[in-house]
Amino acid sequence: MSEWQRGYPDDRRTAEQRTKAAADHIGWDFEYMAGRVMARLTGEYVVIQDDGSAHSMPDIRIEYADGRVGFGECWMDVDRRHAEVSGGLAGERSSMAVPGSSRVWTVRVNGDFRLKKREVWLPQLLAALEAEGKVFEIVAEAENLERDPSPTVQQARRLGIRGLASRPVVGDEQGRVDFSVWGIGGPADVPWEPFMEWVRETLFANDKNTVGIRKKLAAAGGNERHAFVGVTFDSPWEVNRALRWEVKGMPPRPPELPEEITHLWIMPAMLGERCLVWSLAEGWFDPTGQWATD
């Protein structure tokens, strides 16, 4: 391997696999992100190897200069419906003009929200709320909407709306809706115990996917078996908060790991936040600033 390749994974996937992974609106090519972080941290030869040519092939292989070999599996903690809505309302799509409305609405939604034709049905729904005087100048969260006797409010709930607020337009503003995804957010100061419990529940889950991942790692053998878990907006707030740049602390104790896993990587499925890594040799650490290739 040439020196210039250090810090980058050797991607053996097919062109079709790479194109599909790069188009994922939940997390841009999470396997490549995991391989890149591992390659930068270790400076060793890291291969994204699962090209579909063999049954139960681990996603990642790492070959150390001293002869040790490790394997890794990547997966994301995600509800696909919720993630589709999050992706569908990202960036410029997080706001929508409502011609004829004299209000600016904030609408919080979950995975049941109907993305298709929202520019048609949502203005009609909001107009019906305005006609009833249901303008929610005091923010209405999920529990408030659940108790509201209005049939229109209950229709909004059936359409995946979990929070409503509005105010009159100001100056030359036009009526619009600003979207946010329900369940993202929480207190700034959170204890580590919910994070540790989420790690345990995630790694020991008995669903078909997680059991299969553990079996694949066990069958791979090697000196190390790495789990790369991608955190998304579906993950608990306490977990998302732990990966924010401004949080400097580390979990207070080792994670509970199944015997099939020796190394743990908790990573954002989206770029821009920090990663937490655990190994028996080093405990918990943030690889930022420890890159072997810098």
Side-chain angles (χ1 to χ4, degrees), residues 6-9 21-22 24-43 46 48 60 72 74-79 82-83 85-95 106 108 178-203 226-255 257 261 263-279 281-294:
R6 291 182 74 246
Y8 291 87
D24 193 330
H25 62 264
I26 300 169
W28 178 87
D29 201 342
F30 182 62
E31 286 184 16
Y32 186 86
M33 288 171 56
R36 173 78 163 116
V37 170
M38 174 178 267
R40 287 190 68 193
L41 177 64
T42 65
V46 175
I48 304 175
I60 291 176
C74 308
W75 76 98
M76 290 189 287
D77 179 40
V78 65
D79 177 326
H82 191 274
V85 170
S86 297
L89 298 177
E92 295 180 356
R93 295 165 294 185
S94 63
S95 290
T106 299
R108 299 188 73 189
D178 295 328
F179 295 102
S180 64
V181 180
W182 184 69
I184 302 171
D189 297 322
V190 295
W192 280 105
E193 203 53 40
F195 174 90
M196 301 301 294
E197 181 64 16
W198 173 85
V199 168
R200 188 190 66 79
E201 290 180 355
T202 299
L203 298 181
H226 297 253
F228 297 85
V229 183
V231 171
T232 73
F233 289 143
D234 286 336
S235 307
W237 165 248
E238 293 85 354
V239 180
N240 275 283
R241 178 63 182 166
L243 299 184
R244 298 293 295 269
W245 286 123
E246 64 268 24
V247 176
K248 304 302 182 184
M250 291 290 160
R253 57 182 173 82
L257 300 180
I261 296 171
H263 292 65
L264 177 63
W265 305 64
I266 306 294
M267 302 171 56
M270 295 74 71
L271 295 172
E273 302 291 348
R274 72 173 184 160
C275 170
L276 292 179
V277 185
W278 186 89
S279 71
E282 299 188 55
W284 286 103
F285 65 96
D286 180 348
T288 306
Q290 301 187 39
W291 307 125
T293 54
D294 283 356

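Side chains included, hydrogens not; waters and symmetry mates left out as well; all remaining heavy atoms used. Computed from a prediction, not measured in an experiment: that's the story for all the values here.
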Measure the CG-CD distance between Leu41 and Gln290 for me, rounded to the nearest 0.5 Å. 6.5 Å
Given 3.5 Å as the limit, does a donor-acceptor pair link the side chain of Arg274 with the main chain of Ala242, or not? yes
In terms of heavy-atom contacts, Thr232 and Asn240 come closest through O-ND2, 3.0 Å
Do Asp178 and Thr106 pair up side chain to side chain, a donor and an acceptor below 3.5 Å, judged on atom types alone? no
Please evaluate residues Val229 and Leu203 with respect to the criterion side chain to side chain contact (heavy atoms under 4.5 Å, CB included), reporting the C-alpha separation (whole Å), side-chain torsions for both, the decisive distance (0.1 Å), and the verdict. CA-CA 9 Å; Val229 183; Leu203 298 181; 4.1 Å; yes
For Phe195 and Trp284, work out which heavy atoms get closest and say how close. CE2-CH2, 4.0 Å
Between atom CZ of Arg40 and atom OG1 of Thr288, what is the distance when rounded to the nearest 0.5 Å? 8.0 Å
Rounded at 0.5 Å granularity, tell me how far CG in Leu89 sits from OG in Ser94. 8.0 Å
Of all residues at least two apart in sequence or in a different chain, which pass the side-chain hydrogen bond (donor to acceptor under 3.5 Å, both in side chains) check with Glu197? Arg200
Could you give the distance from CG (Asp286) to CD1 (Ile266), rounded to the nearest 0.5 Å? 13.0 Å
SB check Arg253 Glu193 (cutoff 4.0 Å): yes
Met267 versus Cys275, closest heavy-atom pair with distance: CG-SG, 3.4 Å
Step by step, work out the side chain to side chain contact (heavy atoms under 4.5 Å, CB included) result for Val199 and Leu264. CA-CA 10 Å; Val199 168; Leu264 177 63; 3.7 Å; yes
Quick one: do Thr42 and Trp291 satisfy side chain to side chain contact (heavy atoms under 4.5 Å, CB included)? Show the steps, please. CA-CA 7 Å; Thr42 65; Trp291 307 125; over 6 Å; no
Does the side chain of Met250 come within less than 4.5 Å of Leu276's, by heavy atoms? yes
Distance in Å, Glu238 CD paired with Met196 CE, rounded so as to fall on 0.5 Å steps: 13.5 Å
Quickly, which of Trp75, Trp265, Phe30 forms a ring-ring contact (aromatic ring centres under 6.0 Å, His included) with Phe228? Name it, please. Trp265
Nearest heavy-atom neighbours spanning Gly35 and Val46: O-CG1, 3.8 Å
Nearest non-hydrogen partners of Pro9 and Ala39, listed with the distance: N-CB, 4.1 Å
Residue pair Phe179 / Arg93: nearest heavy atoms and the distance that separates them: CD1-O, 3.9 Å
Contact between Arg241 and Glu246 at the side-chain level, heavy atoms closer than 4.5 Å - yes or no? yes
Go through the steps to decide whether Met38 and Ile60 satisfy the test side chain to side chain contact (heavy atoms under 4.5 Å, CB included), and finish with yes or no. CA-CA 10 Å; Met38 174 178 267; Ile60 291 176; 4.2 Å; yes
If you measure from the Lys or Arg side-chain nitrogens to the Asp or Glu carboxylate oxygens, is any gap between Arg36 and Glu31 under 4.0 Å? no
